[in-house]
2 protein chains.
Amino acid sequence: MARAGLTADRLVRAGAELADEIGFEQVTASELARRFDVKVASLYSHVRNSQDLKTRIALFALEEMADRAADALAGRAGKDALVAFADVYRDYAREHPGRAAAARMPLDPATAAAGAGPRHAQMTRAVLRGYDLAEPEATHAVRLLGSVFHGYSSLERAGGFSHSAPDSEETWIRILDALDALLRNWPTAHTP
Amino acid sequence: MARAGLTADRLVRAGAELADEIGFEQVTASELARRFDVKVASLYSHVRNSQDLKTRIALFALEEMADRAADALAGRAGKDALVAFADVYRDYAREHPGRAAAARMPLDPATAAAGAGPRHAQMTRAVLRGYDLAEPEATHAVRLLGSVFHGYSSLERAGGFSHSAPDSEETWIRILDALDALLRNWPTAHTP
DNA sequence: GCATTCACCTAAAGACTTTAGGCAAATAGC
DNA sequence: GCTATTTGCCTAAAGTCTTTAGGTGAATGC
């Protein structure tokens with residue numbers, strides 16, 4: 001019998017594509033084996049188990065997004081950087097819904113820290129360099145941006161904004177305008 | 001044999017509790033049947049299938065959150081309303097992680113529209129009454145708030161902010177300060 | 001050319017889902 | 001209060017997915 005040439009990496013990439021096609025939830029070792037025309041048990045030499053496979057797909061997606069974000073950030077600053085950075089997340093989620101869902105999967109802290117998580121945080125901080133925020137406000141802002149990007153993609157995907165005016169594209173532009181304004185004018189202290 | 005007294009409603013409530021205990025993903029017809037000391041097949045007279053069960057749990061959670069939000073909003077306006085409203089979502093997610101995860105589950109548009117979805121949007125609009133936003137800016141703001149609440153709970157749950165200073169509580173307070181400031185000072189037009 | 005390693009296989013057991021059909025408890029009609 | 005119907009839960013069975021154990025042939029190393 002000819003060998004199929006399975007590797008963890010090939011499984012993960014195929015799993016990511018499968019996720020985009022049929023949804024991350026539906027990615028299953030069985031389906032993946034079918035794609036490779038291989039018996040399911042064969043996957044278990046390359047991947048610990050089904051959970052492990054999904055985790056790897058999530059890490060792969062996070063890495064891919066971080067690469068794109070790094071690219072987008074190069075040579076930009078201020079609002080230009082903010083918009084380019086934000087668009088990476090939104091575009092990725094629209095282009096690769098399954099991978100984006102994977103990236104939103106809860107990872108245990110150790111795994112997340114070993115993956116591209118810190119890189120994302122670092123790049124968000126880089127975006128904020130264009131604004132004038134000292135710690136701890138910068139961290140708050142990093143978390144706000146993360147929440148917005150994450151939440152917006154998630155709601156957009158769930159169809160929250162579709163079929164109603166104004167269209168999602170316009171909202172996205174205006175939200176970035178608003179975030180830019182907010183970052184330029186970050187409230188100094190807590191107002192009770 | 002004594003009857004267990006199953007109803008769709010009791011199944012959904014038990015499913016919601018189960019979700020909080022073991023995670024929404026892990027909620028399964030089999031496990032639920034075990035809790036009721038009943039055979040799995042018996043559930044299928046009350047619930048179409050496993051997907052239907054999960055959808056109902058999601059709708060239940062959304063309803064519960066909407067009820068709490070309505071309560072929190074009564075008699076409040078301005079930032080007071082914003083904070084109370086936002087806290088409902090965050091507190092609910094911390095108190096009921098499984099249900100909150102259920103509420104984040106993608107629903108098909110028709111199902112979402114028939115559930116508490118519109119109520120949430122309506123209440124968010126009510127919060128914005130305390131600020132001075134005309135359409136379509138109000139809609140953009142509704143979507144921004146939804147994204148932030150949704151995204152923050154999700155990241156907080158995933159452990160994104162834990163184990164690092166400043167603590168999540170402080171960030172939450174400052175994010176609400178920032179959103180309040182932003183809504184009071186919403187940028188009028190797109191700045192290219 | 002032989003031994004080892006590695007890639008994929010078969011086999012099997014356990015869990016979850018879903019459908020079909022049956023019996024007994026609850027309810028309704030008289 | 002008895003019968004008839006409905007309803008609630010059951011058994012049975014087939015299908016899918018996961019995971020482990022152990023086997024066989026293909027690739028690699030000496």
Side-chain angles (χ1 to χ4, degrees), chain A residues 1-61 98-99 101-102 105-108 111, chain B residues 1-61 98-99 101-102 105-108 111:
Chain A
M1 267 158 236
R3 298 196 173 185
L6 298 185
T7 58
D9 195 65
R10 288 191 63 198
L11 286 175
V12 169
R13 283 170 197 279
E17 268 161 44
L18 191 53
D20 289 336
E21 285 174 39
I22 64 174
F24 184 57
E25 298 287 308
Q26 276 64 57
V27 172
T28 187
S30 298
E31 183 57 34
L32 206 48
R34 237 169 269 132
R35 300 270 168 142
F36 278 96
D37 200 28
V38 136
K39 299 296 170 185
V40 201
S42 305
L43 305 198
Y44 283 78
S45 346
H46 303 280
V47 145
R48 243 194 313 289
N49 53 38
S50 202
Q51 186 60 33
D52 180 40
L53 172 66
K54 286 189 178 169
T55 300
R56 284 175 193 243
I57 294 173
L59 291 173
F60 173 72
R99 300 179 201 204
M105 163 181 151
L107 301 172
D108 70 290
T111 310
Chain B
M1 268 160 234
R3 299 195 174 186
L6 299 185
T7 58
D9 196 64
R10 289 190 63 196
L11 286 175
V12 169
R13 283 170 197 280
E17 269 161 42
L18 191 53
D20 289 336
E21 285 175 38
I22 64 175
F24 184 57
E25 297 287 309
Q26 276 63 58
V27 172
T28 188
S30 298
E31 183 58 34
L32 206 48
R34 237 169 270 133
R35 300 271 167 141
F36 279 95
D37 201 28
V38 134
K39 298 296 170 184
V40 201
S42 305
L43 305 197
Y44 283 77
S45 346
H46 302 280
V47 145
R48 243 194 313 289
N49 53 40
S50 202
Q51 186 60 33
D52 180 41
L53 172 66
K54 286 189 176 169
T55 300
R56 283 175 194 244
I57 294 174
L59 291 173
F60 174 73
R99 299 177 203 205
M105 163 182 150
L107 301 172
D108 70 288
T111 311

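Quick caveat: nothing in here was measured; it's all calculated off a predicted structure. Each chain gets a letter, A, B and so on, in the order the sequences are listed, and its residues count up from 1.
Considering all non-hydrogen atoms of both residues, Arg10(A) and Thr7(A) come closest at N-OG1, 3.0 Å. The two residues Ala58(B) and Ala102(B) make their nearest non-hydrogen contact at CB-O, 3.2 Å. Looking at every heavy atom in both residues, Leu59(B) comes nearest to Leu107(B) through CD2-CD1, 3.9 Å. Closest approach of Leu53(B) to Leu11(B), counting heavy atoms only: CD1-O, 4.4 Å.
In this structure, the side chain of Arg56(B) does not engage the main chain of Ala8(B) through any donor-acceptor pair within 3.5 Å.
Residues from residues 9-22 of chain B placing a heavy atom under 4.0 Å of any atom in DNA chain D do not occur.
The distance from atom CZ of Phe36(A) to atom P of dC9(C) is 12 Å, rounded to the nearest whole Å. A straight line from NZ of Lys39(B) to P of dA13(D) spans 15 Å, rounded to a whole angstrom. Between Leu6(A) atom CG and dC6(C) atom P there is a gap of 15 Å when expressed in whole angstrom units. Atom CG of Leu43(B) is separated from atom C1' of dC10(D) by 12 Å (rounded to the nearest Å). One interatomic measurement links the two molecules: CZ of Arg35(A) to P of dC8(C), which rounds to 18 Å at whole-angstrom precision. dT19(D) atom C1' lies 14 Å from atom CG of Leu53(A), rounded to whole Å. Atom pair Glu25(A):CD and dC17(D):C1' shows a separation of 15 Å (rounding to whole Å applied).
Taking side-chain N and O atoms only, Ser45(A) has no distance below 4.0 Å to OP1 or OP2 of dA7(C).
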Checklist entry - Yes or no on side-chain contact (heavy atoms from CB on, under 4.5 Å) for Met105(A) and Ile57(A), after CA distance, side-chain angles and deciding distance? => result CA-CA 10 Å; Met105(A) 163 181 151; Ile57(A) 294 173; over 6 Å; no
Next on the checklist: For Phe24(B) and Lys54(B): C-alpha separation, side-chain torsions, deciding distance, then whether side-chain contact (heavy atoms from CB on, under 4.5 Å) applies.
Outcome noted: CA-CA 8 Å; Phe24(B) 184 57; Lys54(B) 286 189 176 169; 3.7 Å; yes
N/O-N/O pairs, protein side and nucleotides 17-20 of chain C side, under 3.5 Å:
unit_1, atom_1, unit_2, atom_2, d
dT17(C), OP1, Thr28(B), OG1, 3.0
dT17(C), OP1, Ser50(B), OG, 3.1
dT17(C), OP2, Thr28(B), OG1, 3.0
dT17(C), OP2, Ala29(B), N, 3.2
dT17(C), OP2, Ser30(B), N, 3.0
dT17(C), OP2, Ser30(B), OG, 3.1
dT18(C), OP2, Tyr44(B), OH, 2.9
dT18(C), OP2, Ser50(B), N, 2.7

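Every residue two or more places apart in sequence or in another chain that forms a side-chain hydrogen bond (donor to acceptor under 3.5 Å, both in side chains) with Asp108(A) is listed here: Thr111(A).
With the end axes of the helix from dG1(C)-dC30(D) to dC30(C)-dG1(D) each set by five pairs, the angle from one to the other reads 10° at 10° resolution.
Side-chain proximity of His46(A) to the nucleotides dT11(D), dC9(D), dC8(C) is greatest for dC8(C).
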Could you list the donor-acceptor pairs under 3.5 angstrom formed between side-chain atoms of residues 43-50 of chain A and any protein atom two or more places apart in sequence or on another chain?
unit_1, atom_1, unit_2, atom_2, d
Ser45(A), OG, Ser42(A), O, 3.2
Asn49(A), OD1, Gln51(A), N, 3.1
Asn49(A), OD1, Asp52(A), N, 2.8

Taking only distance into account, with no hydrogens and no angle test, what donor-acceptor pairs under 3.5 Å do side-chain atoms of residues 25-33 of chain A form with protein atoms, sequence neighbours excluded?
unit_1, atom_1, unit_2, atom_2, d
Glu31(A), OE1, Arg34(A), NH1, 2.4
Glu31(A), OE2, Arg35(A), NE, 3.3

